[in-house]
Visitor: 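Can you keep this structure in mind? I'll have questions shortly.
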2 protein chains.
Amino acid sequence: MIVERLQEDISSMRLMPGSRISEPDIAARFGVSRQPVRDAFSRLESMGLLRIRPRKATEVKRFSRGEIEKSRFVRAAVEMEVLRRAARRCVAADGHELDACLALQRKALAKGDQLAFAQLDYDFHRAVCGIAGVPFAFDVIHAEKKKVDRLCMLALSREDRMPQLIDDHARIAEAVKAGREEEAVEAGTVHLSRLDATIEAIKVASAAYFEDED
Amino acid sequence: MIVERLQEDISSMRLMPGSRISEPDIAARFGVSRQPVRDAFSRLESMGLLRIRPRKATEVKRFSRGEIEKSRFVRAAVEMEVLRRAARRCVAADGHELDACLALQRKALAKGDQLAFAQLDYDFHRAVCGIAGVPFAFDVIHAEKKKVDRLCMLALSREDRMPQLIDDHARIAEAVKAGREEEAVEAGTVHLSRLDATIEAIKVASAAYFEDED
DNA sequence: CGGTCAAGTCTTGAATACAAGATTGAATAC
DNA sequence: GTATTCAATCTTGTATTCAAGACTTGACCG
């Protein structure tokens, strides 16, 4: 599928924000006609990854302060509500599931396996959504996350943060298991706010990838 | 624009859920070729209004329990966070804005102007988002709302509910103005839950417009 | 030397023609 | 009368061609 390939190229920053891509180019690269590419462009635009300027050009969307804030806000709101519900509903078996997630993540950290670590990060949040009784909430979190994921590819040395992220998860898990809503929300807020500093750092380091502020 | 026209047709239930539409038909109706229609279909699909079944048919999406729940959850989560922030930040001028909204809405109620009433409902929620310092949150609420808006077209006699909705808004406004977060959240929850009963009623009355449950 | 205008080229948008899969219907065999 | 099979038609997917707007580059004129 063309969409997936392009999405992967954009998410992995092989296609940099602001770089222009044209339908004929991509069509030739995939050995198809312009129509499928056009279709893919349209979908990627609605995913917020491309910006189609009619009759001018299509370019990989730059990061914008507004969109980052918006995505951040939605994720925060949803995740906090999820944590509240999870804390209210968590039973013993659920607690074990969270612990198992954490154990696996610690193992991935020990092996330095960043890919597995990232996957387990998803699994943890997905598990919390399941415990909260709102599995579909993870779809929302996931969709919002994808919009800013590529930004984090610019962050250097993710390894440093991995222990901290695990600590965050542990604290969240404890609060959820104990049924302490507000503590879980507090821990979740801290966890999310880790990203803010990273983004600010990236913004000064790679201003070219950000949209001009008005 | 073709998308808007079709969207309006779907939202207003002129095109019923489950009814099939084909690209050539719509193209002929608008006097254009299949490509613009195809483009429009693609966009409407990503808006969650159409379901394109490759090489089979394209149909107006039926309501699904899962999507309604998801949309409901996101709106609730976002709206509650907005109310919390609004309660914390509300100053005198903001309170006046809410009061003005309410006054206009009461006037619309008196005149029985349902269209204006609906618009003012949007304005109220938008105002709250503005007070909370997260205007973009309204985009999210709006987008989620559009997914289920057409469902409410099936509800009979909206007039009965208008006074109750105004009371809800008044209670929300009071709590926000007084800075009482939890009271605002509680009022917001009640406000949102009004829809649930309506949807349940519609579900039994118009089961044909809902997807089969698995 | 500089500015302006025009032609050429590059972009996406739209229209048309062709292809492939799915469904439906009728016709035929049993 | 019923079941099965084949063909016609309807669906969306893809390719190709034409069209229209915008940018670039060159030449020509002041």
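Residue numbers start from 1 in every chain, and the chains themselves are labelled A, B, ... in the order their sequence lines are given, proteins ahead of strands.
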Visitor: On the 0 to 90° scale, with breaks at 30° and 60°, tag the B:F73-A:F136 ring pair as parallel, tilted or perpendicular.
Guide: perpendicular
Visitor: Would you state whether a donor and an acceptor, one from the side chain of A:R53 and one from the base of D:dG21, lie under 3.5 Å apart?
Guide: no
Visitor: Under a 4.0 Å threshold between the charged nitrogen and the carboxylate oxygen, would A:R72 count as salt-bridged to A:D196?
Guide: yes
Visitor: Could you tell me whether the side chains of B:S22 and B:D25 share a donor-acceptor contact shorter than 3.5 Å?
Guide: yes
Visitor: Any ion pair linking B:E144 and B:R75 (charged N to carboxylate O, less than 4.0 Å)?
Guide: no
Visitor: Between P on D:dA15 and CZ on A:F30, what's the gap in Å once rounded to a whole number?
Guide: 13 Å
Visitor: Does B:R38 have a side-chain nitrogen or oxygen under 4.0 Å from the phosphate oxygens OP1 or OP2 of D:dG13?
Guide: yes
Visitor: Nearest-nucleotide wise, let me know which of A:V32 and A:P54 is further upstream toward the 5' end of DNA chain D.
Guide: A:V32
Visitor: Return the value, rounded to whole Å, for the distance between atom CZ of A:R55 and atom C1' of D:dA22.
Guide: 10 Å
Visitor: Between B:R51 and B:E45, does at least one N-O distance fall below 4.0 Å, as a salt bridge requires?
Guide: no
Visitor: Mind checking B:R34 for me? I need base, sugar-phosphate or nothing, with any heavy atom below 4.0 Å counting as a touch.
Guide: base
Visitor: In whole Å, what is the span from the CD atom of B:Q35 to the C1' atom of D:dC18?
Guide: 13 Å
Visitor: What is the distance, to the nearest angstrom, from the CZ atom on B:R51 to the P atom on D:dT11?
Guide: 17 Å
Visitor: Which nucleotide in the list D:dG13, C:dT11, D:dT16 gets nearest to the side chain of B:E23?
Guide: D:dG13
Visitor: State the pairing partner of C:dC30; accept Watson-Crick or G-U wobble contacts with both distances under 3.5 Å, and report none otherwise.
Guide: D:dG1
Visitor: Verify the contact: side-chain N or O of B:T58 to OP1 or OP2 of D:dT12, cut-off strictly under 4.0 Å; return yes or no.
Guide: yes
Visitor: Need one value for A:I2: base, sugar-phosphate or nothing, where a base atom within 4.0 Å counts as base even if backbone is also close, heavy atoms only.
Guide: nothing
Visitor: Among the candidates D:dT16, C:dG13, C:dG21, find the nucleotide nearest to the side-chain atoms of A:S33.
Guide: D:dT16
Visitor: Could you state the atom-to-atom distance from CD1 of A:I52 to P of D:dG21 in whole Å?
Guide: 19 Å
Visitor: Just how far, in rounded Å, is C1' of D:dT12 from CD1 of B:I26?
Guide: 14 Å
Visitor: Rounded off to whole Å, could you give me the CZ-to-P distance for the B:R20 and C:dT24 pair?
Guide: 7 Å
Visitor: Would you kindly give the CE-to-C1' distance between B:M1 and C:dG13, to the nearest whole Å?
Guide: 11 Å
